[in-house]
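These notes are about the structure you will find just below.
All heavy atoms count here, side chains included; hydrogens, waters and symmetry mates do not. Lettering follows sequence order; numbering is per chain, from 1.
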Protein chains: 2
Amino acid sequence: MAEIVAAAPASDWRGIDPENTLYLELPTGRVVIELAPRFAPLHVANIKKLARAHYFDPLGIIRVQDDYVSQWGDPSSRHPLPPDIGKVAPEFDRPLAADLPFTRLPDGDVYAPEVGFSDGLPVARSPALHRIWLAHCYGMVGVGRDVDADSGSGAELYVVIGHAPRHLDRNVPLVGRVLRGVELLSSLPRGTKAMGFYADDQKPLPLKAVRVAADVPAAQRSALEVLRTDTATFTAVIESRRNRPEEWFKVPAGKIDLCNVPIPVRQATAAHRP
Amino acid sequence: MAEIVAAAPASDWRGIDPENTLYLELPTGRVVIELAPRFAPLHVANIKKLARAHYFDPLGIIRVQDDYVSQWGDPSSRHPLPPDIGKVAPEFDRPLAADLPFTRLPDGDVYAPEVGFSDGLPVARSPALHRIWLAHCYGMVGVGRDVDADSGSGAELYVVIGHAPRHLDRNVPLVGRVLRGVELLSSLPRGTKAMGFYADDQKPLPLKAVRVAADVPAAQRSALEVLRTDTATFTAVIESRRNRPEEWFKVPAGKIDLCNVPIPVRQATAAHRP
């Protein structure tokens, strides 16, 4: 796979839009999240407003459930939401559209009729329902909510840090994917209360600052580029993971699960530096 | 699910055999591993010999790769293997057998023709090949090896701490499953070298002691019992996870992936205390 990726032409890589990139500035380092405005425009808009109001900064990571999620927010509502953050539609899925690219995986899926990649994100779709939705793979970012479908504003977010909890698909708006630093969230001490919430004697990791990358001076931005998922290179990556060519493998799987496909990310070359 | 499990008759639970249970006594707590002698008898025998020779005790966790594995061993071979640990057959899979229970999952699988549970373990099988094998779900324990199929003795072991790397199925002997304490392995700092190996400036967590439970005084054993996977209760657990009844869920998945099925473990009742 490394050889395939190294041989990719520059045009197979894309930069990331600083206006749709979120930085979590943890005491342990930066987590870079690429937001998904084509899948959850209302929630992404809310999250950017919240970041720009510095709403998240005094909060911490209050839930780390093993094999499931790391989550931040303000469960006891001590910090009021900015006035322009209102209820928005759930955005659990969206209509199929001709301009939404789809690189289909050939091996099927337990949960959905079709799975693949769109805009560098793992997706599932149903032609019968004419709907497409983001899939809960490792590193995906979702909106915590209460019982009501529309009760999640984006003020409480989680990142998947375990086996893909695909039963959450279409029950939660997914708003993006971690490109860098997921290990800063996955290696945290697990919460000892029910559902992995931190007990009173556990210290939540402070978020410190959450910023839209566009608001950070260019020199301080993370210069990353992502392999386009609608390229022959990415299709070759998938194939090289379906049938691993390394001598170590004795029985090639011949198949691959959506959430086992890596989406290559690297330091940006000149074309995609901020 | 909690209600289904609470209502299960005592006979639906089984104790765990101390002769086939391994304790990792980490500085942070105990990891309890149930070994799988019906699937990897030669490797399980090796691992028990190694534990009884206190071979593992001076070693540490030398590799933690995010979304993949935590691994311990002696990569630089500073500690010679006991003389009776020899090469054994790979044990990547085994023949189907009438006395091997199989609770089949109804929703299919990306990697194998059939998946389900056998002896409380996630398994895949192929009637055409007449073979059955353990599946790489979260918490499963596997044998590290070099390029040769028979190069893994059991002296180097890993635990899955990420999205199920099912492409490893039938390429590695799986030797058991973590029943308690997987979070002690999954929350460790990730290794910064290639493949998550610890760099020289990273301190591996010492194993301290690795013991066969039968060699530990009864009063110091972990008293656990596991829900039998060949019971109506377990089938009801599966169904309650395929279609989550909680009001929170708006779109029930209607399906479940092998590695998303929880196998209930609890403190032992009187019948199964050591």
What part of [X] gets closer than 4.5 Å to chain B, counting heavy atoms only: side chain, backbone, both or neither?
X        : result
A:Arg145 : both
A:Asp109 : backbone
A:Ile256 : both

* Most heavy-atom pairs under 4.5 angstrom with chain A, which of B:Pro165, B:Ser186, B:Pro90, B:Gly254? -> B:Ser186

* So which heavy atom on B:His163 is nearest to which on A:Ala164, and how close? -> ND1-N, 3.1 Å

* If every non-hydrogen atom of A:Lys255 is compared with every non-hydrogen atom of B:Val110, which pair is closest and at what distance? -> CD-O, 3.3 Å

* Taking atom types as modelled, is there a side-chain donor on B:Tyr138 or A:Asp66 under 3.5 Å from an acceptor on the other? -> yes

* To do: May I ask you to check whether A:His167 and B:Asp257 show a side-chain donor-acceptor distance below 3.5 Å?
  =>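 Judged by distance alone, the side chains do not pair up.
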
* To do: Answer yes or no: is there a donor N or O on one side and an acceptor on the other, between the side chain of A:Asn171 and the main chain of B:Phe249, under 3.5 Å?
  =>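 It does not hold such a pair.
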
* So, does A:Lys250 use its side chain to make a donor-acceptor pair with the main chain of B:Val172 at under 3.5 Å? ->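 Not confirmed, A:Lys250 side chain does not pair with B:Val172 backbone.
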
Does the side chain of [Y] come within less than 4.5 Å of [X]'s, by heavy atoms?
X        : Y        : result
B:Tyr111 : A:Asn260 : yes
B:Glu183 : A:Pro189 : no
B:Val251 : A:Trp133 : no

* Asked: Take atom CD in A:Glu247; do more than 12 heavy atoms of anything else shown fall under 6.0 Å from it?
  -> no

* To do: Could you tell me whether A:Glu3 atom CD has more than 12 heavy atoms of other residues or ligands within 6.0 Å of it?
  =>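 Counting other residues, nucleotides and ligands, CD of A:Glu3 stays at 12 neighbours or fewer.
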
